[in-house]
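Reckoned from all heavy atoms, side chains included, excluding hydrogens, waters and symmetry mates.
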Amino acid sequence: MAKINFGGVEEEVVTREEFPLSKAQEVLKDETVAVLGYGVQGPGQALNLKDNGINVIVGQRKNSKTWDKAVADGWVPGETLFELEEACERGTILQFLLSDAGQIALWPTVKKYLSSGKALYFSHGFGVTYKEKTGIIPPEDVDVILVAPKGSGTSLRRLFVEGKGLNSSFAIHQDATGKARDRVVALGIAVGSGYLFETDFYKEVSSDLTGERGTLMGAIQGIFRAQYEVLRENGHSPSEAFNETVEEATQSLYPLIAENGMDWMYANCSTTAQRGALDWMGPFYEATKPVFEKLYKSVTDGIEAQKSIDSNSQPDYREKLEEELKELEESEMWRAGKAVRKLRPENS
């Protein structure tokens, strides 16, 4: 592992230099990786593994949209695409990539096929961390490992195709075979990670739930909405409000921040923008820090996990979810966003 200084704190990370793809291929040469689920993470991880020369199959229910998607992506029924039970039986590494609710429902089936020496792979620590709520308690004679790409499966695949990588965390919950570390790092490299940093299942799920509800989605949508509404209430047009709130951020500034950092952004904007950003950084920090503390406590107390389980296990969950998502989609801000995106030069 390479030692890297992150803001004055030294961490050990795994890069492609000390663990190249050729080494990952050697570690996994006798394995059959069964990707269970073809929803959010499944397609990206499965396709990247296949393109990297790993023996991979997909397990999915027949007569489903995701089965059809897998076929469209080139997985062949009876050769590389199987019903979930058969994929579980064939696989030596079972990548459990269904939704958290899906994992709870399918766990009794998957558990039956976890014979001694196999590996159970997650991309989220939810099921194992909250085992009292989920019932997911792996047998003691299998490796239990995790690789969590820091982004969607779509981003993981897109970056891979572009010759880039998406950073991932990895964790070992149980090393029954003595080769769990090689297995998990090899898989992390083979699914297309940029670099890998070590964590544990609890830290992965607590940081992930906080991030999703915070700056990755929940907080950012709340901030976007608040600024957009203030501009609209003061007479600005939808186009102006959306461009100043979302479009300039996502199309111009965020890519520069990703490339160079916020410190660079502050140093390379107009003096008027610098002054305003420096002056208002503090009030926004003071307003939101208590919200993030409340959020983190809700995560670590298990409240967010219980909410997710209770909500997602309801028979009418999908219908209610569609109603909430439709409300977001039909809000003026995101209807304005659709119009703005169509007017981008690449779409005209």
Side-chain angles (χ1 to χ4, degrees), residues 16 21 24 28 33-61 64-75 80-82 84 87 91 93-106 110 119-128 145-171 184-197 199 201 204-205 207-209 211-213 215-218 220 250 254 258 308 312 318 321 325:
R16 298 176 185 180
L21 178 60
L28 299 173
V33 180
V35 175
L36 309 179
Y38 208 73
V40 177
Q41 280 289 334
Q45 293 200 34
L47 290 168
N48 290 359
L49 286 165
K50 182 175 74 169
D51 287 351
N52 273 332
I54 308 303
N55 182 26
V56 56
I57 60 175
V58 171
Q60 187 56 50
R61 292 290 182 210
S64 65
K65 290 181 180 179
T66 43
W67 176 278
D68 295 339
K69 175 175 170 50
V71 172
D73 284 347
W75 303 98
T80 56
L81 175 61
F82 302 92
L84 284 158
I93 297 174
L94 306 187
Q95 291 196 333
F96 207 13
L97 300 184
L98 283 85
S99 67
D100 294 325
Q103 287 184 12
I104 294 170
L106 194 67
V110 172
L120 179 62
Y121 167 114
F122 295 86
S123 283
H124 191 25
F126 191 99
V128 170
I145 55 181
L146 173 149
V147 174
K150 298 298 106 181
S152 69
T154 301
S155 298
L156 182 72
R157 180 60 179 169
R158 181 183 297 139
L159 289 169
F160 178 87
V161 171
E162 294 173 358
K164 303 174 184 177
L166 189 65
N167 301 331
S168 302
S169 61
F170 76 96
V184 72
V185 173
L187 288 162
I189 295 297
V191 299
S193 301
Y195 76 86
L196 295 157
F197 60 95
T199 186
F201 275 53
E204 190 285 326
V205 73
S207 62
D208 190 67
L209 293 182
E212 291 168 346
R213 287 151 180 75
T215 60
L216 300 180
M217 292 179 68
I220 202 68
T250 58
Y254 289 175
S308 178
N312 297 352
R318 283 291 171 189
L321 174 64
L325 294 178

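Residues that satisfy the side-chain contact (heavy atoms from CB on, under 4.5 Å) test with I104, not counting sequence neighbours, are T134, I309. Every residue two or more places apart in sequence or in another chain was checked for a side chain to side chain donor-acceptor pair (under 3.5 Å) with D100, and none qualifies. Residues passing the salt bridge (Lys or Arg N to Asp or Glu O under 4.0 Å) test with R61 are E83, E85, sequence neighbours excluded. With sequence neighbours left out, K69 forms a side-chain contact (heavy atoms from CB on, under 4.5 Å) with Y38, P43, D73. S155 pairs by the side chain to side chain donor-acceptor pair (under 3.5 Å) definition with S152, not counting sequence neighbours. Annotation: side chain to side chain donor-acceptor pair (under 3.5 Å) contacts of S64 (sequence neighbours excluded): T66. Evaluation of the ring pair (Phe, Tyr, Trp, His ring centres under 6.0 Å) rule for Y121 yields no partner, not counting sequence neighbours. Remark: T215 engages F292 in a side-chain contact (heavy atoms from CB on, under 4.5 Å) (not counting sequence neighbours). Partners of D51 under the side chain to side chain donor-acceptor pair (under 3.5 Å) rule, at least two apart in sequence or in another chain, are R157. Taking T199 as the reference, S169, A171, K203, E204 meet the side-chain contact (heavy atoms from CB on, under 4.5 Å) condition, with sequence neighbours excluded.
In summary, of the residues considered (V128, L94, L97), a side chain to side chain contact (heavy atoms under 4.5 Å, CB included) with F122 occurs for V128 alone.
In terms of heavy-atom proximity, L216 sits nearest to E212 at CD1-N, 4.0 Å. Here the closest non-hydrogen pair linking V147 and V191 is CG1-CG2, 4.3 Å. The two residues A87 and L36 have their closest heavy-atom pair at CB-CD2, 4.0 Å. Here the closest non-hydrogen pair linking A119 and I145 is CB-CD1, 4.4 Å. Heavy atoms only, all atoms of each residue included: S123 and P149 are closest at OG-CD, 4.1 Å. When all heavy atoms of A186 and A24 are compared, the closest pair comes out as O-CB, 3.5 Å.
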Item to complete: Could you check L106 against L98 for side chain to side chain contact (heavy atoms under 4.5 Å, CB included), going step by step and ending with a plain yes or no?
Response: CA-CA 9 Å; L106 194 67; L98 283 85; 4.1 Å; yes
Discussion item. Using side chain to side chain contact (heavy atoms under 4.5 Å, CB included), reason through Q45 and N48 one step at a time and then give a plain yes or no.
Written reply: CA-CA 5 Å; Q45 293 200 34; N48 290 359; 6.0 Å; no
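Other residues, nucleotides and ligands contribute more than 12 heavy atoms inside 6.0 Å of the CZ atom of R213.
With hydrogens and angles ignored, the 3.5 Å screen pairs a side-chain donor or acceptor of Q103 with a backbone N or O of F96. Formation of a donor-acceptor pair under 3.5 Å by the N52 side chain with backbone atoms of A190 is found in this model. A donor-acceptor pair under 3.5 Å links the side-chain atoms of S193 to the main chain of G188, judged by distance alone.
Separation of atoms CD1 (I57) and NZ (K50) is listed at 13.0 Å; rounding is to 0.5 Å. Between the CZ atom of R318 and the CG atom of L321 there is a distance of 6.0 Å, given to the nearest 0.5 Å. For the atom pair CG of L166 and NZ of K164, the computed distance is 11.5 Å after rounding to the nearest 0.5 Å. Considering CG of L49 and CG of L187, their distance stands at 6.5 Å, rounded to 0.5 Å. Of the inter-residue distances, the one linking F82 atom CZ with W75 atom CH2 reads 11.0 Å to the nearest 0.5 angstrom. Rounding to the nearest 0.5 Å places CG of L146 at 14.0 Å from CZ of F126.
For the pair L209/H124, a side-chain contact is recorded, criterion being any heavy-atom separation below 4.5 Å from C-beta on. At a threshold of 4.5 Å between non-hydrogen side-chain atoms, the residues V56 and T80 do not count as touching.
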